[in-house]
Amino acid sequence: MSDFEDKARALFEDSVERLDASTRSKLTQARNLALEEVNKGAVRRRWLWAPAGGVALAAIVAVVMLNAGGSRSSGDTGALALEDIDIVADSENLDMLEDVEFYMWLDNAAADEQTG
Amino acid sequence: MPSSVSLPAFSLPVFSSGWDGGAQASVEEPILEQARALERFLASIEKRAFRMARIALRHDEDALDSVQDAMLQLARRYGRRPSEEWRPLFYRILQNRIRDCQRRRRVQARIMAWLPGLKSQEESGADEYAAVPDRSPLPPEQLAAEQALQTLERSLAELPGRQQEAFMLRVFEDMDVAQTAAAMGCSEGSVKTHYSRAVHRLREQLGVAW
């Protein structure tokens, strides 16, 4: 960075430090509002997924019970069922689709870092 | 600013029946941790974000609204994403909010130009004391810094939007080219072009005063 950019940054930092109390307070309120939103969102998401999770769990339990009589020999059926529950109940995979472009950038950036 | 602002109630009373306390705690812990991380992140950038929005919009309330919207949007849509992604995402949302606000103003200005009656009404309702400075006189060094900052802000405000974004993210937010490209939603080449033009124009405008 040149002197010019350094000076611009120093002035900006100084103005951030001297921000008035009223603005600081409003920013704190805005932050708390956003954090409350996370809380609400988490509750909402869990309740939305609860019925779907319940149905998936019932279906997997039914499949396990139906298979249990015929193939008792496979000892890891229980573990597999638990993994299935995780996969079915996880909404992250759907969330990922919302911002494909951003994830492509992250992927490229990580690859660049590894090569360079 | 109070640095130890308590987190809003983050206890999640979901699935309270049928789950034992230990299981519930183990489910809630990552959510709590994520919420704390988000609070730390927002607290670390909010003042800088406000100043950047203020430079772009030249208006306190509009700048606060834009920052608040960006915080809400980040929390709603990306709160559960890894924290390393938050910064470029937040600034991308903020820049979109700033552009929306500028677009809204242009439309309002066009409507006002067509309806002069409304304009005079609007003006008569304005706070006549809003522009009156309310601070006591500053010491000379601080006054000089304040004047230099105002000159810089005026010059920045006159830059085209993308040049302004590139300069502020690179210099004020100390982002590298790749991070700036992610925050601006453009290629790294475009960032370099916008940034170099911004620096060139600012140097021209500020001239010997700097």
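Sequence lines set the chain letters: A, B, ... in the order given, protein chains first and strands last, and positions in each chain run from 1. Note that these values count all heavy atoms, side chains included, but never hydrogens, waters or copies made by symmetry.
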Q) Does a side-chain N-to-carboxylate-O contact under 4.0 Å join B:Glu46 and A:Arg24? A) no

Q: Report the distance from atom CZ of B:Arg48 to atom CG of A:Leu27, rounding to the nearest 0.5 Å.
A: 13.0 Å

(Q) Can you tell me which portion of A:Gln29 sits under 4.5 Å from chain B's heavy atoms? Options are side chain, backbone, both or neither. (A) neither

Q.
Under 4.0 Å between a side-chain nitrogen and a carboxylate oxygen: does that hold for B:Lys47 and A:Glu17?
A. no

Q) Taking the side chain as C-beta and beyond, is there a heavy-atom pair between A:Phe4 and B:Leu202 under 4.5 Å? A) yes

Q. What residue in B:Arg51, B:Met71, B:Gln68 has the most heavy-atom pairs under 4.5 Å with chain A?
A. B:Arg51

Q.
Please classify the contact between A:Ala8 and chain B as side chain, backbone, both or neither, with a heavy-atom cut-off of under 4.5 Å.
A. both

(Q) By the definition side-chain contact (heavy atoms from CB on, under 4.5 Å), identify the one residue from B:Met168, B:Met52, B:Glu173, B:Glu153 that meets it with A:Phe12. (A) B:Met52

Q. Could you give the distance from CZ (A:Arg9) to CZ (B:Arg170), rounded to the nearest 0.5 Å?
A. 9.0 Å

Q | side-chain hydrogen bond (donor to acceptor under 3.5 Å, both in side chains) between A:Ser2 and B:Arg203, intermediate numbers included | A | CA-CA 11 Å; A:Ser2 67; B:Arg203 276 184 196 280; 3.2 Å; yes

Q. Checking side chain to side chain contact (heavy atoms under 4.5 Å, CB included) for the pair A:Lys7/B:Leu152: CA distance, chi angles, key distance, verdict?
A. CA-CA 10 Å; A:Lys7 184 174 177 182; B:Leu152 173 66; over 6 Å; no

Q) Should B:Glu61 and A:Lys26 count as an ion pair when the cut-off is N to O under 4.0 Å? A) yes

Q: Could you walk me through whether A:Leu35 and B:Leu38 pass side chain to side chain contact (heavy atoms under 4.5 Å, CB included), step by step?
A: CA-CA 8 Å; A:Leu35 292 166; B:Leu38 187 63; 4.0 Å; yes

Q.
I need the residue from B:Leu156, B:Asp60, B:Leu74, B:Leu42 with the largest number of non-hydrogen atom pairs under 4.5 Å to chain A.
A. B:Leu42

**Q.** B:Phe50 side, atom CZ; A:Leu19 side, atom CG - distance, nearest 0.5 Å
**A.** 5.5 Å

Q: Heavy-atom pairs under 4.5 Å with chain A are the metric here; pick the option from B:Ile55, B:Leu64, B:Leu72, B:Val171 that has the most.
A: B:Val171

**Q.** Flag side-chain contact, heavy atom, 4.5 Å: A:Glu5 against B:Phe172
**A.** no

